[in-house]
Amino acid sequence: MTASTALDSNTSELAQGAPLTTKDGQPLKRSLGRALRREKIRALFLILPLLAFVLITFIFPIGDMLFRSVENSIVEKTLPGTVVALQDWDSESDEVPGERVFSALADDMMLAQELKIHTRIGTRINYDQPGISSVFRKSGRRIKRLDSDASKDAFIALNAAWGTPDAWTTLTSSAQWPESFPQTAIAFDNWKAWLASEEGDDIDPSTQVPYGFTYANLFHDLSSMENGALNNLAKSSDSAIASLFAGVPDAIDNFPTDDFKGQFADIEKGWVNIQNWQAIKRLSPAFTDSYFLAAVDSERTEAGVQQKPANERFYVTLFVRTIVLSIVITLACILLGYPIAYLLATLSVRSSNLILILVLLPFWTSLLVRTSSWKVLLQQQGVINDLLVWIGLVADDGRLVMINNMTGTIIAMTHILLPFMILPLYSVMKTISPSYMRAAKSMGASDTLAFWRIYFPNTIAGIGAGSILVFILAIGYYITPALVGGTKGVFISNQIAYHISSSLNWGLAAALGTILLVLVLALYWTYDRIVGIDNVKLG
Amino acid sequence: MSALPPYATTGQRIWFYTFRYVICAGILFFLIAPILIIIPLSFNAQDFFTFTPEMLSLSPDGYSLKHYNDFFTNSDWQKALKNSFIIAPAATLIATSLGTLAAIGLSQSHVPFRRTIMAILISPMIVPLIISAAGMFFFYSRIGLQGEYLGIILAHAALGTPFVIITVTATLVGFDRSLTRAAASLGADPVTTFFKVQMPLIIPGVVSGALFAFITSFDEVVVVLFMGSARQKTLPWQMFTGLREQISPTILAVATIMVAISIILLTVLELLRRRSERLRGLSPS
């Protein structure tokens with residue numbers, strides 16, 4: 001009875017087109033979906049460790065390089081007060097910034113020289129404004145000897161409370177802090193950092209009175225306030241604030257200053273050079289295009305982006321040379337690789353395997369071994385010159401210069417990259433049936449005609465694949481040009497290395513690297529469109 | 001053109017022999033001679049980089065093992081050798097284990113975002129070394145790995161993984177999935193199936209991937225130059241500075257040893273390839 005009911009209901013469900021179910025009553029569709037999902041998760045689980053590894057060890061570093069090519073927070077971090085004070089300065093005016101900017105600068109520099117980072121900022125700005133690094137360097141030691149107490153003394157003379165730590169506790173805990181005191185807030189933080197560096201961390205800033213630079217900045221904040229705002233402070237409902245600022249509105253106009261501008265001009269006259277200030281203001285933002293402009297031999301001046309004078313142009317020439325030499329090397333590889341690939345494709349399997357080993361041995365031999373052997377061979381006292389002299393082709397005093405110039409780079413790199421041309425060409429040629437050529441000849445084509453009209457067009461894909469591979473490898477090469485290229489045969493990558501390890505202009509190195517990376521990725525995209533990345537084969 | 005037909009004309013004959021024995025032989029000579037020539041030069045008794053008259057007359061006085069002796073006794077070279085044999089195996093181990101797992105995962109039939117994942121995983125092979133090295137230098141000095149063994153090992157492992165992925169994926173393409181299903185139907189759990197059935201079949205791919213990863217690290221100099229400190233000087237770094245500054249014939253002895261290593265690697269790879277083809281021939285495709 002029950003069985004037949006169950007059967008009945010089953011048949012009736014089927015008749016109504018109800019979903020199929022698995023043994024445990026789940027709809028089949030859902031069950032399959034779940035199995036599929038489980039499989040996907042398992043696959044992702046296997047991939048995940050490597051994906052995370054490559055992201056952290058490789059993709060992040062590349063991202064870091066891209067970031068560094070535009071990053072420029074050093075100015076903002078080292079000269080925070082100066083950057084804020086400069087916002088009100090019109091860089092197109094013919095006037096050097098006023099006393100307000102200079103008192104912020106004095107305060108920033110006091111901390112910077114304490115932390116010994118003033119030369120670093122000088123070096124950074126020097127990339128864009130040559131000569132300014134010595135201005136910063138020379139000022140370092142003398143900042144401590146600046147007269148800086150004029151404002152401080154004036155405040156204390158007005159109200160003795162200004163000479164106590166309590167005055168600063170009151171000020172920093174007031175409702176107007178820090179919005180109404182932008183420069184003072186930065187200067188106060190600078191002073192705390194200076195104190196910690198000078199005296200150690202265990203000293204409590206709330207028991208100390210700041211130095212004169214902080215007061216100088218306070219003075220400028222107050223004097224640039226609108227009258228109403230200053231009067232509001234003096235009549236503040238906060239009685240502590242009111243008593244501190246009582247009398248300040250009347251006295252502020254007659255406050256003495258330390259003439260930081262004059263003192264800085266005495267230290268180094270570069271401080272009253274308007275171009276230096278324009279450079280500092282230009283580099284104030286946290287991000288900059290100045291590295292990229294430098295990488296294409298341009299610079300931003302007050303008149304806009306301009307090309308550098310002809311004798312300072314360098315990188316565009318180098319990019320062009322890198323590309324031209326890479327093309328020459330690619331062509332040489334096609335010329336030398338084509339016959340070998342053809343030979344490999346037409347010989348019997350046994351002999352072609354033997355020749356393939358001759359191609360693969362250089363491929364597997366250390367790059368440095370191959371470069372050193374070319375260094376040995378191409379020297380003026382090397383094997384090739386010795387041989388030529390012995391044959392009598394060149395005189396002993398007329399030995400050929402084949403190294404430390406473009407010739408050296410081209411010869412050595414053609415040799416190193418040749419296997420990368422032969423292997424893809426070979427894999428394409430292997431697929432061309434010999435019957436095509438026979439058919440052409442049987443219809444009366446000469447050997448030459450049959451080759452150019454039938455065989456060659458079939459190998460274009462291989463030439464394309466090999467060329468792109470060789471070209472991409474060539475434009476990023478560093479070691480070989482560095483060892484056999486001298487000065488005339490170096491590539492853009494040598495400049496990247498130079499800026500990383502010698503000149504330490506990392507931003508420019510990153511910008512040059514980014515340009516090269518974009519170039520290579522564009523070529524790879526082309527390669528992917530023509531051949532497909534998945535078809536990359538090794539040996 | 002695999003062989004000359006009997007009816008070939010004189011012109012065809014001349015071209016055939018010129019092509020094969022002049023053009024191709026010349027190019028092959030260009031390919032192989034620079035590598036072979038350093039072998040005899042490394043036995044030079046003098047500190048020259050060319051053949052001395054004694055060497056050309058095959059007199060035993062012209063030859064000596066002094067450059068090899070220098071290599072095995074000089075502490076700089078020995079330290080470099082040791083560093084190379086610390087860094088390369090460690091990098092190979094990381095690259096091979098992570099790479100093999102990922103390749104197996106990628107070969108499953110339903111992997112979401114397969115193209116994107118593949119692009120990320122093989123990107124270390126695509127990006128020019130100078131750019132990878134620059135980026136790694138910037139990033140690793142931020143996190144304090146610059147000048148550390150660990151930093152170089154991780155960097156080299158990252159550079160080696162694409163080769164493992166490519167070789168293992170290629171082996172897995174020919175892998176017959178019904179074998180794992182058969183193992184499962186006979187009651188083997190996935191781990192047993194992997195080690196008893198799948199691993200022995202894909203091991204040639206894994207080993208050749210590992211060899212690629214090893215040689216990538218063993219040969220690598222740009223990243224080491226940027227990221228290493230004097231303590232991590234490897235063999236290629238020592239060769240690089242040797243070539244750049246005080247060029248000494250000891251380099252030729254080192255180069256000869258490295259050529260010998262690459263010949264061994266090439267032989268092992270060739271044997272593996274044959275074995276892989278044989279195994280694949282056994283399984284129905």
Side-chain angles (χ1 to χ4, degrees), chain A residues 36 39-40 43 46-47 49-51 53-54 57-62 64-65 68 336 339-340 343 346-348 358-362 364-370 372-377 379 381-383 386 415 418 476 478-479 483 493 496-497 500-501 506 509 513 516-517 520 524 536 538, chain B residues 1-2 12 19 23-24 27-28 30-32 34-35 37-38 41 49-51 98-99 101-102 104-106 108 110-112 117 120-121 123-124 126-131 134-139 154-155 158 161 166-167 215 219 221-222 226 236 239-240 243-244 251 255 258-259 262 265-266:
Chain A
L36 205 64
E39 200 170 310
K40 271 185 192 173
L46 289 168
I47 300 169
L50 183 66
L51 195 63
F53 180 77
V54 171
T57 57
F58 188 78
I59 303 292
F60 285 2
I62 297 293
D64 194 12
M65 185 191 75
R68 272 189 206 252
L336 297 181
I340 296 297
L343 188 71
T346 49
L347 280 177
S348 66
L358 295 187
V359 175
L360 287 176
L361 182 64
W364 274 94
T365 306
S366 164
L367 174 71
L368 275 153
V369 170
R370 288 182 281 169
S372 40
S373 66
W374 280 112
K375 191 139 180 152
V376 168
L377 287 174
Q379 281 181 62
Q381 300 301 325
V383 175
D386 277 357
H415 177 251
L418 193 49
Y478 164 58
I479 296 297
L483 287 174
S493 45
I496 298 177
I500 284 180
S501 44
W506 292 358
L516 190 60
L517 180 65
V520 167
Y524 257 101
V536 182
L538 299 162
Chain B
M1 195 154 150
S2 54
Q12 280 174 330
F19 176 78
I23 299 178
C24 287
I27 298 169
L28 287 172
F30 169 76
L31 260 177
I32 210 80
I35 294 167
I37 199 138
I38 53 175
L41 280 176
F49 286 98
T50 185
F51 292 100
L98 293 181
L101 278 187
I104 292 171
L106 278 169
Q108 312 278 319
H110 303 284
V111 183
I117 291 173
I120 291 173
L121 293 187
S123 61
I126 291 167
V127 175
L129 211 50
I130 185 83
I131 294 173
M136 284 168 169
F137 170 74
F138 293 143
F139 184 71
L154 292 180
T161 45
I166 288 176
T167 49
I215 205 80
D219 235 16
V221 57
V222 188
F226 285 3
M239 287 183 83
F240 182 76
L243 284 170
R244 208 170 207 189
I251 285 177
M258 288 180 90
V259 170
S262 43
L265 284 179
L266 187 59

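Order of the sequence lines fixes the chain letters, A, B, ..., with proteins taken first and strands second; residue numbering starts at 1 for each chain. Everything quoted here is computed from the prediction, not taken from an experiment.
Looking at A:Leu361, the atoms closer than 4.5 Å to chain B (heavy atoms on both sides) sit in the backbone and in the side chain alike. With a 4.5 angstrom heavy-atom cutoff, B:Phe138 touches chain A via backbone and side-chain atoms both. Residue A:Tyr478 touches chain B through its side chain alone, counting heavy-atom pairs closer than 4.5 Å. The part of A:Lys375 that comes within reach of chain B is its side chain, from C-beta onward, which places non-hydrogen atoms under 4.5 angstrom from that chain. Proximity to chain A is limited to the side chain of B:Phe137, based on heavy atoms less than 4.5 angstrom apart. Interface remark: B:Ala158 contributes backbone and side-chain atoms alike to the contact with chain A (heavy atom separation under 4.5 Å). When heavy atoms are compared at a cutoff of 4.5 Å, A:Leu418 approaches chain B solely by way of its side chain, counted from C-beta outward. With a threshold of 4.5 angstrom between heavy atoms, B:Ile131 approaches chain A through its backbone and through its side chain. Heavy atoms closer than 4.5 Å to chain A are found in both the backbone and the side chain of B:Leu243. Of the two parts of B:Leu154, the backbone and the side chain both hold a non-hydrogen atom closer than 4.5 Å to a non-hydrogen atom of chain A. For chain B, the nearby parts of A:Leu51 are the backbone and the side chain; heavy atoms of each come within less than 4.5 Å. Heavy-atom distances place the side chain of A:Val520, and not its backbone, under 4.5 Å from chain B. Proximity to chain A involves both the backbone and the side chain of B:Ser123, based on heavy atoms less than 4.5 angstrom apart. The contact between A:Leu368 and chain B is made by backbone and side chain atoms together, counting heavy-atom distances below 4.5 Å. At a 4.5 Å heavy-atom cutoff, the contact between A:Gln379 and chain B is made by side-chain atoms alone. Within the 4.5 angstrom heavy-atom criterion, atoms from both the backbone and the side chain of B:Leu31 approach chain A.
Within the model, atoms CG of B:Leu121 and CD1 of A:Ile47 stand 7.5 Å from one another, a figure rounded to the nearest 0.5 Å. Atom CD1 of A:Ile340 sits about 3.5 Å away from atom CG of B:Leu28, to the nearest 0.5 Å. Distance check: B:Thr161 OG1 to A:Phe53 CZ gives 7.0 Å after rounding to the nearest 0.5 Å. The structure places OG of A:Ser366 at 10.0 Å from CD1 of B:Ile35, a figure rounded to the nearest 0.5 Å. The CZ atom of B:Phe240 sits 4.5 Å away from the CD1 atom of A:Ile479 when rounded to the nearest 0.5 Å.
Contact between A:Asp386 and A:Gln381 at its shortest, heavy atoms only, is OD2-O, 3.9 Å. Smallest separation of non-hydrogen atoms from B:Ala102 and A:Leu50: CB-CD2, 3.6 Å. Minimum interatomic distance between B:Phe51 and B:Leu41 (heavy atoms only, all atoms of both residues): N-CD2, 3.8 Å. Looking at every heavy atom in both residues, B:Met258 comes nearest to B:Asp219 through CE-OD1, 4.2 Å. Between A:Leu336 and B:Ile27, the closest heavy-atom pair is O-CD1, 3.3 Å. When all heavy atoms are compared, the tightest approach of B:Met136 to A:Thr57 is CE-O, 3.5 Å.
When A:Leu36, A:Ile59, A:Val359 are compared by the number of non-hydrogen pairs under 4.5 Å with chain B, A:Leu36 comes out ahead. Looking only at heavy-atom pairs under 4.5 Å with chain A, the residue among B:Ser262, B:Cys24, B:Pro124 that has the most is B:Pro124. In terms of non-hydrogen atom pairs under 4.5 Å with chain A, the most contact-rich of B:Leu265, B:Leu129, B:Val221 is B:Val221. Chain B forms more heavy-atom pairs under 4.5 Å with one residue of A:Ser501, A:Gly513, A:Ser493 than with any other, namely A:Ser493. Highest contact tally toward chain A, considering only B:Ile38, B:Ile104, B:Val111, B:Ile120, is held by B:Ile120 [criterion: heavy-atom pairs under 4.5 Å].
Taking the six-membered ring for Trp and the full ring otherwise, B:Phe139 and A:Trp506 have centroids separated by 6.0 Å or more.
Between B:Phe30 and A:Trp374, the ring planes are tilted. Angles from 30° to 60° get that label.
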